[in-house]
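Below, read A as the first sequence line, B as the second, and so on, with proteins coming before strands; counting in each chain starts at 1.
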Number of protein chains: 2
Amino acid sequence: MTLKDLATLLGLSPTTVSRALNGYPEVNEATRKRVVEAAKRHNYRPNTQAKRLATGRAMAIGHVIPISTQHEIVNPVFADFLAGAGEVYARAGYDMVLTIVPDDDEERAYREIRSKGNVDGIIVHAPKIHDTRIALLTDLGLPFVVHGRASGVRAPYSWVDVNNTRAFERATNFLLDLGHRRIALINGIEGMDFALRRRRGFERALSARGLVADPALMVSGEMTEAQGYAAARMMRGLADPPSAYLAASLLSAMGVRRGLEEAGLVLGRDVSVLTHDDELGYLKNGAQEPIFTATRSSVREAGRRCAAMLLRKVAAGDQSPETDLLEAVLVVGQSTGPHRALQKTG
Amino acid sequence: MTLKDLATLLGLSPTTVSRALNGYPEVNEATRKRVVEAAKRHNYRPNTQAKRLATGRAMAIGHVIPISTQHEIVNPVFADFLAGAGEVYARAGYDMVLTIVPDDDEERAYREIRSKGNVDGIIVHAPKIHDTRIALLTDLGLPFVVHGRASGVRAPYSWVDVNNTRAFERATNFLLDLGHRRIALINGIEGMDFALRRRRGFERALSARGLVADPALMVSGEMTEAQGYAAARMMRGLADPPSAYLAASLLSAMGVRRGLEEAGLVLGRDVSVLTHDDELGYLKNGAQEPIFTATRSSVREAGRRCAAMLLRKVAAGDQSPETDLLEAVLVVGQSTGPHRALQKTG
DNA sequence: AACAGAATTCAAAGCGCTTTGAATCCGTTT
DNA sequence: AAACGGATTCAAAGCGCTTTGAATTCTGTT
């Protein structure tokens, strides 16, 4: 069932039918109703490819998912991010196109996407501190929104990001207020912008109280359970071990917890653990009451925001850069408590 | 730069240029070379939409990602599965189109995909025991491959699946051989086909030794850390607690571990834990030596297989159903050991 | 009753590519 | 040297839709 078929069936021209279905004003309301009904009755759906060719719009948004060539790892937050973005696309009638690209080959991938013309815009994932994709995409003139930011890039661009610095500053302050002075930071991979910002927030809070971060208490790497476990195991054995741990992901925090409980330490009493929580669907931080005290910010919501912003840009023909800074909330769970020295007093 | 531009530039007709680039035989080799070089030099890329309209092939594969309306959860294995499938599509020049659909609205989604005609085939994820999508897609005549199977569907269809029954039968036998008799099963959601098969394998191994599964030792639900923890915590307190746990995912197993270690139990000595491991990139079961004894089967590889199979079907015009049964390997880690009663003898 | 102008509808061109059927070229054959 | 057939190349139609510019039909006026 093509547009032409439907038109013949109705005794109308394809022009009128097309206009009726696309809500153009220059068509009689009675006619429109007739057309819309016939379309529904005959289960007519305009052919996507034809529409795309005719309008020059792909009606699709591209997501380039980089795969680390060293770690062969897919960032576990993608699933939730895509779920959020997907909701928005679906509502707007857009497709979501995924491209999996080894992270040593991204530039070529973006160029190809541009010239193939199968998407109207792109979401940039996991920006590095000095991310080259931003300049590239600006150059290519392809609308894009970055999920995160790139501290090393001066030129303006559109992004949606969590206030990582502030979140970690607050988290650190929270621990400092509880009397902790030796605080460990189990961070993401150096080079990733979000990891840099989180460390900055951490250090800023410390230095505001005249403290300085101990390099021995900072690790960075893939945020896995194993990472957290290894870090906690190593640090708990130090001569002057941390009394609190700040982790960058729930998975890491779970590893930290294991490393500490293994040594007979009780979270919230003997030692504190605070983590960032992306609110992933399959990794809940407790049902009602949170298990870990955490800075919480939904990745899924970030996905929605990114998608909505990009669609706005696409509709408006790019326009001036837009930004959206989400604040994480600090939720208090059972994994933190006052420093031991303070507990007797309490 | 369009095909026409390129043709004019070369003093050739669009026909010849098109044929030269697409490898048709009726074009002079010298001409072809000239065309290919010019195309590269001018960075020519055929417009995807135009190509699609002309050929009638979408050059894209659809993945419908159901989102549980109750749990708002995105299956955490998707990311890795898509990574695997994406590799294959990229090599074949296919796009991957994701559609996020609430799981109460799937039928409409599939019908719409079909009539919009923007994909050449579909991968069906997370089949239920009586999955209606299989009949629907067969009906719609859209090529598809199921990742998993639906025990309740009699008609033949194409699928790629892990031999879940066998994996869990072997796992159970492994534990039985170690002297365990009270074995707990921490399973996925009832209703999912894979969960049914796993339970079957579990029960089959038990009954082969004249044992019968104790309902008190079986739980099923979302495979989260919290699930595992809750189950272990509850079961360890039973009058006759299990001496071994069989978990359906690494996340669950991590929860089980916590629930057991919390009670001072040492894995591999006091109690055994065996889990299924999907080899997710961000959830490694140890680096070299596995932490958990596990039945291991890569979801990413399953993604590759599904994609390759579907591309074959699309190329061949569907054809007869193809199936691919992957066997999980049983890797021995540190989380299992002989039943305590047997250890003194050892 | 005739006409301007708004309201509708239509014919046809075009989006950039593939593909069919015809045309041209060129080395052989007789 | 004319005819033949394979090798190349080309013109044009078509994929299913949108959109421009023109044609037709309705209104309300005068």
Side-chain angles (χ1 to χ4, degrees), chain A residues 1-36 38-39 42-60 93-95 112-120 315, chain B residues 1-36 38-39 42-60 93-95 112-120 315:
Chain A
M1 168 75 27
T2 73
L3 183 74
K4 211 169 133 195
D5 294 342
L6 191 62
T8 318
L9 214 84
L10 286 161
L12 287 170
S13 72
T15 311
T16 305
V17 176
S18 168
R19 283 184 170 147
L21 293 174
N22 291 311
Y24 282 70
E26 61 271 71
V27 44
N28 191 313
E29 273 314 314
T31 311
R32 185 194 307 281
K33 212 177 142 201
R34 206 158 62 89
V35 171
V36 168
H42 294 89
N43 198 31
Y44 167 76
R45 289 271 192 302
N47 178 298
T48 316
Q49 327 301 350
K51 197 163 189 158
R52 287 173 172 170
L53 181 57
T55 58
R57 320 190 70 191
M59 293 302 284
Y94 272 70
D95 278 348
E112 189 163 313
I113 285 171
R114 165 73 221 211
S115 49
K116 282 205 334 180
N118 57 168
V119 299
D120 295 322
Chain B
M1 167 77 25
T2 73
L3 184 74
K4 210 170 133 192
D5 295 342
L6 191 62
T8 319
L9 214 84
L10 285 161
L12 287 169
S13 72
T15 311
T16 305
V17 175
S18 168
R19 284 185 170 146
L21 293 174
N22 290 312
Y24 282 70
E26 62 271 69
V27 45
N28 191 313
E29 272 315 313
T31 311
R32 185 194 308 279
K33 215 177 141 201
R34 208 157 61 89
V35 171
V36 169
H42 294 89
N43 198 32
Y44 167 76
R45 290 271 194 302
N47 178 299
T48 316
Q49 328 300 350
K51 196 162 189 158
R52 287 172 171 170
L53 180 57
T55 59
R57 320 188 70 190
M59 293 302 283
Y94 273 69
D95 278 347
E112 189 163 313
I113 285 171
R114 165 73 221 212
S115 49
K116 281 204 339 182
N118 57 168
V119 300
D120 296 321

Legend entry - Heavy-atom closest pair, residues A:Leu21 and A:Ala39: CD2-CB, 3.9 Å
Inset, instruction - Would you check if B:Thr31 and B:Val35 make a side-chain contact, meaning some heavy-atom pair closer than 4.5 Å? - result: yes
Inset, instruction - Quick one: label B:Gly11 by what it contacts on the DNA or RNA (base, sugar-phosphate, nothing), any heavy atom closer than 4.0 Å. - result: sugar-phosphate
Inset, instruction - To the nearest 10°, let me know how far the axis at one end of the helix from C:dA1-D:dT30 to C:dT30-D:dA1 is tilted from the axis at the other, five pairs an end. - result: 60°
Legend entry - Salt bridge present between B:Arg52 and B:Asp120 (N-O < 4.0 angstrom): no
Inset, instruction - Mind calculating the distance between CG (B:Leu10) and P (D:dT8) to the nearest angstrom? - result: 17 Å
Legend entry - Flag for A:Thr15-A:Ser18: side-chain donor and acceptor within less than 3.5 Å: no
Legend entry - Side-chain heavy atoms of B:Asp5 within contact of B:Tyr44, under 4.5 Å: no
Inset, instruction - For A:Ala7 and A:Ser13, work out which heavy atoms get closest and say how close. - result: CB-C, 3.8 Å
Inset, instruction - Measure the shortest side-chain to side-chain distance between A:Asp95 and B:Lys116 over non-hydrogen atoms and say whether it is less than 4.5 angstrom. - result: yes
Legend entry - Start and end of chain B contact along DNA chain C [non-hydrogen atoms, under 4.0 Å]: C:dG16 to C:dG21
Legend entry - Over all atoms of both residues, closest heavy-atom pair of A:Arg32 and A:Pro25: NH2-CA, 4.2 Å
Legend entry - Length of the OH-P vector between B:Tyr24 and D:dT9, whole Å: 16 Å
Legend entry - Contacting residues from residues 12-20 of chain A, given that a heavy atom lies under 4.0 angstrom of DNA chain C: A:Leu12, A:Ser13, A:Thr15, A:Thr16, A:Arg19
Inset, instruction - Evaluate the side-chain proximity of B:Thr48 to B:Met59: yes if any heavy-atom separation is below 4.5 Å, no if none is. - result: no
Legend entry - Verdict with reasoning, B:Asn43 to B:Met1, per side chain to side chain contact (heavy atoms under 4.5 Å, CB included): CA-CA 8 Å; B:Asn43 198 32; B:Met1 167 77 25; over 6 Å; no
